[in-house]
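Let me begin by presenting the structure, written as structure tokens, before commenting on it.
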Amino acid sequence: LCVIVGDVSGKGVPAALFMMVSRIVLRTMAKNLKDVVETFENTNNELAIRNRANMFVTVWMGFIDLKTGHVEFASAGHNPPAIRHKDGSVEFAKSKAGIAMAAMENVHYKMQTLDLVPGDTLFLYTDGVTEATDARNELFGNERLLDALSRGGGNGTKETCRFVKQQIDAFAGKASQFDDITMLALLYKGEHP
């Protein structure tokens, strides 16, 4: 299973179009190459060559072996995912971010790995989650995210995302947000007997 989250620089129609192009190129490369590093490097080169608007996109992509829970992943400037373990403990995955896609050609990305065990939830998100601000311009931050996942992460993936969003909304109050908030939670169940 291939899991991807990305976040494009900028706002409005140009950013939406750039994200659409990035998604198409990344998806095509992932289908044809089956290797996360080769996928990232080829996608980056395709995007960088045609990048007259000087935009970039952060991406985290992992290939999950559904039988073993082994994940091979790469990151192009994206936030590390969080893992909520079956016992309720939460941590950020060890992840080196690399350079955002389309920023420059011929970037080399690093293959990274992590292992999920049955009952673990992989939580992917954009920086709009941790950079949500309140009226005093304080950030929601990493610690509040981990706390929200610890307290609200045991009730299924939909409820995990809903609970995190409720915590962000309660924290931000009426303060306007300037970034998109995207979340994806994936519960690894392991191989069925």
Side-chain angles (χ1 to χ4, degrees), residues 1-64 70-83 91-114 122-133 137-146 161 164-165 168 172 176-186:
L1 177 67
C2 180
V3 182
I4 304 170
V5 66
D7 192 10
V8 71
S9 62
K11 302 280 182 243
V13 173
L17 292 173
F18 190 73
M19 180 52 95
M20 184 178 68
V21 169
S22 300
R23 181 182 176 272
I24 291 168
V25 173
L26 189 59
R27 184 176 184 167
T28 302
M29 294 292 180
K31 280 184 174 181
N32 293 322
L33 298 173
K34 307 288 189 218
D35 175 89
V36 69
V37 169
E38 192 177 3
T39 297
F40 266 43
E41 291 175 357
N42 285 320
T43 299
N44 177 67
N45 285 339
E46 285 297 314
L47 294 175
I49 289 168
R50 294 167 179 78
N51 189 8
R52 291 188 184 99
N54 293 322
M55 300 182 91
F56 62 88
V57 59
T58 67
V59 181
W60 188 97
M61 181 171 83
F63 290 117
I64 304 172
H70 184 70
V71 183
E72 293 182 344
F73 70 91
S75 177
H78 203 81
N79 303 62
I83 301 170
E91 65 181 336
F92 288 110
K94 291 175 178 54
S95 174
K96 296 192 188 238
I99 295 174
M101 284 190 186
M104 59 191 289
E105 293 177 58
N106 301 316
V107 172
H108 296 290
Y109 294 96
K110 181 181 178 189
M111 168 77 74
Q112 301 172 70
T113 63
L114 63 89
L122 183 66
F123 183 80
L124 305 171
Y125 58 98
T126 58
D127 62 2
V129 170
T130 52
E131 293 178 5
T133 56
N137 241 10
E138 186 177 339
L139 298 178
F140 185 71
N142 291 336
E143 293 307 314
R144 284 186 184 90
L145 173 58
L146 291 178
C161 292
V164 171
K165 180 68 168 77
I168 293 168
S176 297
Q177 299 306 303
F178 301 99
D179 206 353
D180 298 328
I181 293 175
T182 301
M183 297 176 273
L184 172 68
L186 181 138

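Every value quoted in this text rests on a predicted model; they were computed, and no experiment measured them.
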Please list all pairs meeting salt bridge (Lys or Arg N to Asp or Glu O under 4.0 Å) that have one or both residues in residues 96-114, counting only residues at least two apart or in different chains.
none
Residues that E46 engages under salt bridge (Lys or Arg N to Asp or Glu O under 4.0 Å), provided they are two or more places apart:
R50
Quick one: list whatever passes side chain to side chain contact (heavy atoms under 4.5 Å, CB included) with E38, sequence neighbours left out.
L33, D35, N42
Any chance you could lay out the side chain to side chain contact (heavy atoms under 4.5 Å, CB included) test for L139 and T130, step after step, and finish with the verdict?
CA-CA 7 Å; L139 298 178; T130 52; over 6 Å; no
Show every salt bridge (Lys or Arg N to Asp or Glu O under 4.0 Å) that has at least one partner inside residues 176-186, sequence neighbours left out.
K11-D179
Note: P81 and L124 closest approach over all heavy atoms is CB-CD2, 3.3 Å
Taking side chain to side chain contact (heavy atoms under 4.5 Å, CB included) as the test, write out the residues that go with I99, two or more places apart.
A103, M104, V107
For E138, which residues count as a side chain to side chain donor-acceptor pair (under 3.5 Å) partner, sequence neighbours excluded?
R136, R144
Can you name the closest pair of heavy atoms from T133 and S176 and give their distance?
OG1-O, 4.1 Å
Could you name each residue pair satisfying ring-ring contact (aromatic ring centres under 6.0 Å, His included) that touches residues 9-43, not counting sequence neighbours?
F40-Y109
Any heavy-atom pair between the side chains of C2 and F63 that's under 4.5 Å?
yes
Does F123 form a side chain to side chain contact (heavy atoms under 4.5 Å, CB included) with L145? I'd like the steps, not just the answer.
CA-CA 10 Å; F123 183 80; L145 173 58; 3.7 Å; yes
Would you mind reporting whether F92 and L146 have side-chain heavy atoms less than 4.5 Å apart?
yes
Among residues at least two apart in sequence or on other chains, which ones pass side chain to side chain contact (heavy atoms under 4.5 Å, CB included) with R27?
R23, K31
side-chain hydrogen bond (donor to acceptor under 3.5 Å, both in side chains) contacts touching residues 53-62 (sequence neighbours left out)
T58-H78
For I168 against A132, the heavy-atom pair lying closest together:
CG2-CB, 3.7 Å
Is there a side-chain contact between D7 and N79, using heavy atoms and a 4.5 Å cut-off?
no
Assess whether side chain to side chain contact (heavy atoms under 4.5 Å, CB included) is satisfied between V3 and V71, documenting all intermediate values.
CA-CA 10 Å; V3 182; V71 183; over 6 Å; no
With sequence neighbours excluded, tell me which residues meet side chain to side chain donor-acceptor pair (under 3.5 Å) with K165.
D169
Residues which pass side chain to side chain contact (heavy atoms under 4.5 Å, CB included) with A15, listed by chain and number, not counting sequence neighbours:
V8, M55
Are any side-chain N or O atoms of T126 and backbone N or O atoms of T182, one a donor and one an acceptor, separated by less than 3.5 Å?
yes
Using 0.5 Å steps for rounding, measure from the OG1 atom of T113 to the NE2 atom of H70.
5.0 Å
Heavy-atom pair with the smallest gap, counting every atom of S22 and L47:
OG-CD1, 3.7 Å
Partners of F140 by ring-ring contact (aromatic ring centres under 6.0 Å, His included), sequence neighbours excluded?
F171
Starting from the C-alpha separation in whole Å, work towards a yes-or-no answer on side chain to side chain contact (heavy atoms under 4.5 Å, CB included) for L26 and V57.
CA-CA 11 Å; L26 189 59; V57 59; over 6 Å; no
Taking M101 as the fixed residue, which of V25, N51, N44 is the one that meets the side-chain contact (heavy atoms from CB on, under 4.5 Å) rule?
N44
Correct closest heavy-atom pair for F73 and S95 would be CE1-OG, 3.5 Å
